[in-house]
Amino acid sequence: QLQLVESGGGLVQPGGSLRLSCAASGFNLDGYVIGWFRQAPGKEREGVSCITTSAGNAFHADSVKGRFTISRDNAKNTVYLQMNSLKPEDTAVYYCAAYWQPSSGICLFNKGRYGFWGQGTQVTVSS
């Protein structure tokens, strides 16, 4: 069974940090673009960060640039999202997702491109 499983969410104070993990099972992430999305209550799901395959180029939404870092460890079949300087507006359910595109130089936040989705992990930023 092909699955993406997120972990690492939780409650953190403003200014704090969390690292989310996205582990794949049943398939190898090597040829897949991986994206992190988030959805706050009453809002649309939005793209946060994505990372390409061979080059490992990373792209971030303007709202998280300079604070979030996406990385991948193909040997562990896992992608990470390091989130620093967290703000209350970062509160949301965070999802990782994947689409097949080997040797890609760019990645997209178009939700329709992503064929695999995880179940999500809750991140709450509050004092």
Side-chain angles (χ1 to χ4, degrees):
Q1 187 176 2
L2 309 183
Q3 281 188 323
L4 292 173
V5 180
E6 302 96 335
S7 60
L11 173 64
V12 63
Q13 291 187 340
S17 298
L18 282 174
R19 189 177 80 156
L20 305 183
S21 299
C22 172
S25 64
F27 68 107
N28 195 314
L29 283 179
D30 279 359
Y32 287 83
V33 167
I34 305 299
W36 282 98
F37 294 77
R38 66 186 181 187
Q39 188 167 18
K43 294 190 175 182
E44 292 277 329
R45 190 172 298 189
E46 62 175 358
V48 175
S49 303
C50 63
I51 189 165
T52 64
T53 52
S54 57
N57 295 333
F59 298 83
H60 301 279
D62 287 343
S63 58
V64 305
K65 275 181 184 175
R67 300 188 298 121
F68 290 13
T69 302
I70 187 171
S71 61
R72 64 194 300 155
D73 186 339
N74 287 342
K76 294 184 178 180
N77 220 23
T78 301
V79 173
Y80 303 98
L81 185 67
Q82 178 67 44
M83 305 186 297
N84 299 327
S85 302
L86 283 161
K87 305 175 181 180
E89 51 264 43
D90 294 318
T91 295
V93 178
Y94 283 71
Y95 300 88
C96 67
Y99 69 85
W100 173 256
Q101 184 144 5
S103 302
S104 62
I106 62 171
C107 53
L108 304 174
F109 289 142
N110 182 344
K111 295 188 291 292
R113 291 290 304 265
Y114 290 81
F116 296 100
W117 289 83
Q119 82 290 347
T121 185
Q122 176 70 47
V123 171
T124 303
V125 185
S126 175
S127 54

> Would you say the side-chain atoms of Ser17 and Asn84 include a donor-acceptor pair closer than 3.5 Å?
Replying inline: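 Yes - a donor-acceptor pair under 3.5 Å links their side chains.
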
Count I, L, V, M, F, W, Y as connected when their side-chain heavy atoms are under 4.5 Å apart, and connections chain through other members. Are [X] and [Y] then in the same cluster?
X      : Y      : value
Val64  : Leu81  : yes
Val33  : Leu108 : yes
Ile51  : Phe37  : no
Val123 : Leu4   : yes
Ile106 : Trp100 : no

> For Phe68 and Trp36, what are the C-alpha separation, side-chain angles and deciding distance, and is it a ring-ring contact (aromatic ring centres under 6.0 Å, His included)?
Replying inline: CA-CA 11 Å; Phe68 290 13; Trp36 282 98; 9.8 Å; no

Measuring from [X]:[atom1] to [Y]:[atom2], what's the distance to the nearest 0.5 Å?
X     : Y     : atom1 : atom2 : answer
Cys96 : Glu6  : SG    : CD    : 4.0 Å
Cys22 : Leu29 : SG    : CG    : 6.5 Å
Asn74 : Thr53 : CG    : OG1   : 8.5 Å

>> Quick check on ring-ring contact (aromatic ring centres under 6.0 Å, His included): which of Trp117, Phe116, Tyr114 does Tyr99 satisfy it with?
In response: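 For Tyr99, the ring-ring contact (aromatic ring centres under 6.0 Å, His included) check succeeds only for Tyr114.
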
>> Once salt bridge (charged side-chain N to carboxylate O under 4.0 Å, His left out) is applied, do any residues pair with Arg19, and if so which ones, sequence neighbours excluded?
In response: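 For Arg19, no residue satisfies salt bridge (charged side-chain N to carboxylate O under 4.0 Å, His left out) once neighbours in sequence are set aside.
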
> Is there a ring-ring contact (aromatic ring centres under 6.0 Å, His included) between Tyr32 and Phe27 once you walk through the steps?
Replying inline: CA-CA 10 Å; Tyr32 287 83; Phe27 68 107; 5.1 Å; yes

> Shortest non-hydrogen contact from Ala40 to Ala92?
Replying inline: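 Ala40 and Ala92 have their closest heavy atoms at N-CB, 3.8 Å.
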
> Is the number of heavy atoms from other residues, nucleotides or ligands under 6.0 Å of Glu44 CD greater than 12?
Replying inline: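 Incorrect, the count does not exceed 12.
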
>> I'd like to know whether Glu46 forms a side-chain contact (heavy atoms from CB on, under 4.5 Å) with Arg38, so could you lay out the CA-CA distance, the side-chain angles of the two residues, the decisive distance to 0.1 Å, and finally the verdict.
In response: CA-CA 6 Å; Glu46 62 175 358; Arg38 66 186 181 187; 2.7 Å; yes

Between the side chain of [X] and the main-chain N/O of [Y], is any donor-acceptor distance below 3.5 Å?
X      : Y      : answer
Arg72  : Thr52  : yes
Thr121 : Gly9   : yes
Arg67  : Ser85  : yes
Asn57  : Gly105 : yes
Thr78  : Lys76  : yes

> Salt-bridged, Lys87 to Asp90, with N to O below 4.0 Å?
Replying inline: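 Result for this pair is no, no salt bridge flagged.
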
>> Using the rule given for side-chain contact (heavy atoms from CB on, under 4.5 Å), can you reason through Met83 versus Tyr94, listing the C-alpha separation, both sets of side-chain angles and the distance that settles it, and then say yes or no?
In response: CA-CA 12 Å; Met83 305 186 297; Tyr94 283 71; 3.9 Å; yes

>> Show, in sequence, the C-alpha distance, side-chain angles and deciding distance for Ser7 and Leu20, and conclude whether the side-chain contact (heavy atoms from CB on, under 4.5 Å) test is met.
In response: CA-CA 6 Å; Ser7 60; Leu20 305 183; over 6 Å; no

